[in-house]
Amino acid sequence: MKPVSAALAACATVITLAASAALAAGPMDGAIKARQGLMDNLAFNLGVLGGMAKGAMPYDQSAAQAAAGNIVTLTTLNEGAYWPKGSDNGAVEGTHALPAIWDKPDAFMGHMKDLHDAAVKMQEAAGTDLSAVQGAMKGVGGACGGCHKQFRAPSN
Amino acid sequence: MGRLLMLLAGLVAAGLVAFWVITAPDPLPDDAMAGLKGDASRGELVFWAGGCASCHADPQAKGADQLKLGGGQRLESAFGTFLTPNISPDPTHGIGAWTLHDFADAMLRGIRKDGAHLYPAFPYSSYDKMTKGDVADLWAYLRTLPPVATPSQPHELSFPFSIRRLVGGYNFLFVSTDWVVTGDLTPVEERGRYLVEAVSHCGQCHTPRNALGGMQTGRWLAGAANPDGKGRIPNITPAALSWSRADIVAYLSTGLTPEFDSAGGHMAYVVENMGHLPKSDVEAIAAYLKKVPPMK
């Protein structure tokens with residue numbers, strides 16, 4: 001291949017890649033990434049409490065309180081902009097959010113409130129003792145599942 | 001008439017008789033439940049272990065509303081859509097006019113009060129391994145629940161699945177009261193087997209089915225297509241589920257996986273139900289799952 005045509009071919013490749021990247025980056029990606037990041041943060045902090053609850057790590061009051069406090073904080077975010085209309089799994093790639101979220105916004109918000117309430121109870125439990133943490137896990141897990149059973153599509 | 005024709009007619013008649021015999025409903029003996037007095041408080045545990053509310057209550061129901069068993073959920077399948085019936089104690093629209101014996105025929109033989117087959121969307125092919133005592137306890141508990149005056153809706157099935165009599169053939173081919181996992185089991189593992197294979201009917205979703213809808217017990221709990229057509233139900237044999245017993249117990253108690261993701265879809269209902277059971281039962285399920293033959 002001549003140098004010029006090699007350069008042209010390289011340019012064409014770059015343009016094609018840029019174009020496909022632009023196509024892939026939809027207008028909903030930021031919101032989807034933000035809410036998935038929020039879920040990851042919840043899971044990370046729950047991991048500390050759940051690890052203690054099932055005996056995978058020893059109960060540590062200050063670590064438990066820190067994790068539970070973070071979960072409470074995460075559940076107080078205003079998530080309005082995280083869930084734009086048209087960011088469901090039928091409309092865009094890369095999300096498991098079901099359209100039902102936008103059909104039943106009150107039920108969806110109710111589950112958010114359930115999680116917040118369960119997190120507040122966990123915060124109290126975290127400062128008490130291990131068995132209180134174990135008791136509060138069911139409430140937090142139940143709040144996660146309560147929403148996911150109706151509003152999240154299975155992962156495959 | 002030629003001899004050949006006579007022979008053919010004879011064969012057809014014999015075939016029809018065989019079909020009629022094989023597909024006939026097979027109810028319990030009249031005295032099967034005689035002398036059994038159910039205990040409603042024990043029955044409440046059977047109720048949650050059996051997951052009755054997950055199909056017979058409103059899917060949005062919370063708390064006490066989960067005990068209103070008016071039915072009406074739509075269960076999509078390859079054979080059509082099943083609509084779960086009203087099983088509340090309402091005498092007209094529910095099963096308030098049934099006797100314990102009628103109920104036991106439904107649970108243990110898959111037959112409804114009028115003697116016709118129930119469709120296997122109702123998991124009698126697991127419940128048939130339950131003890132009569134548990135059936136009586138569950139019946140006593142169901143009698144205490146609020147009546148709901150919602151009529152049951154007819155199923156929406158395509159021909160030939162709309163012919164109830166054919167379910168007899170299904171039962172003949174695929175339904176058995178034998179345990180799938182046999183051999184040396186500890187009492188805890190046996191309790192787990194009773195819950196997984198009978199009452200909690202885990203195999204109904206986690207075991208793949210053949211073209212006629214029969215469970216492929218040779219691939220017990222090895223994962224299956226979701227009956228509603230969306231996604232897959234995971235393989236929970238030891239070949240795929242590497243969780244420790246403590247992880248399984250934590251998951252069934254809280255709905256949280258070892259990665260602290262949560263159960264979704266129908267499994268979230270199962271976890272809610274399991275939350276009503278004593279921890280020893282959840283531990284028994286975990287112990288049993290470790291004894292299931294590994295399947296890739």
Side-chain angles (χ1 to χ4, degrees), chain A residues 36 39-57 67 70-71 74 89-90 96-98 100-101 103-104 106-108 110-111 113-115 117-118 122 125 131 133-156, chain B residues 51 53-55 57-63 65-66 73 205-206 223-235 240 243-279 282-283 286:
Chain A
Q36 288 176 351
M39 297 295 168
D40 288 344
N41 269 280
L42 286 167
F44 178 70
N45 288 288
L46 260 179
V48 175
L49 297 158
M52 292 178 195
K54 69 180 171 193
M57 60 173 98
N70 285 347
I71 293 171
L74 289 164
N89 72 335
H96 293 129
L98 290 170
I101 292 172
D103 298 339
K104 297 174 190 155
D106 292 346
F108 183 65
H111 287 297
K113 171 87 169 49
D114 289 349
L115 178 61
D117 293 348
M122 174 59 91
S131 78
V133 171
Q134 287 167 332
M137 281 307 289
K138 196 181 268 185
V140 179
C144 300
C147 193
H148 287 161
K149 72 183 177 188
Q150 290 170 59
F151 294 119
R152 184 178 70 169
S155 50
N156 40 10
Chain B
S54 301
C55 284
D58 182 326
Q60 315 278 346
K62 282 185 179 181
D65 283 346
Q66 286 183 319
Q73 278 198 42
C205 286
H206 285 281
N226 194 335
D228 72 5
K230 292 170 212 138
R232 279 189 72 77
I233 315 274
N235 180 335
W243 300 355
S244 70
R245 275 164 68 161
D247 286 340
I248 298 171
V249 170
Y251 176 75
L252 293 175
S253 314
T254 67
L256 295 166
T257 69
E259 293 78 38
F260 293 91
D261 190 359
S262 92
H266 197 79
M267 195 61 200
Y269 292 90
V270 176
V271 169
E272 277 182 2
N273 297 335
M274 294 281 155
H276 293 269
L277 302 187
K279 195 166 184 214
V282 178
E283 285 168 344

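Lettering follows sequence order; numbering is per chain, from 1.
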Can you tell me how far [atom2] of [Y] sits from [atom1] of [X], rounded to the nearest 0.5 angstrom?
X	Y	atom1	atom2	result
A:L42	B:D261	CG	CG	11.0 Å
B:Q60	A:K149	CD	NZ	8.5 Å
A:K54	B:S244	NZ	OG	6.5 Å
A:H148	B:M267	NE2	CE	15.0 Å

_Report which part of B:A250 has an atom under 4.5 Å of a heavy atom belonging to chain A: side chain, backbone, both, or neither._
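Contact with chain A involves the side chain of B:A250 alone.
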*Relative to chain A, which segment of B:P258 carries a heavy atom at a distance below 4.5 Å: side chain, backbone, both, or neither?*
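For B:P258, backbone and side chain are both near chain A.
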_Closest contact, heavy atoms only, A:C144 versus B:L256_ =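 For A:C144 and B:L256, the tightest heavy-atom pair comes out as SG-CD2, 4.2 Å.
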_Max heavy-atom pair count under 4.5 Å with chain A, selected residue of B:A263, B:A246, B:G265_ =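 It is B:G265.
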_Among A:G146, A:A153, A:A107, A:G141, which residue has the highest count of heavy-atom pairs closer than 4.5 Å to chain B?_
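Heavy-atom pairs under 4.5 Å are most numerous for A:G141.
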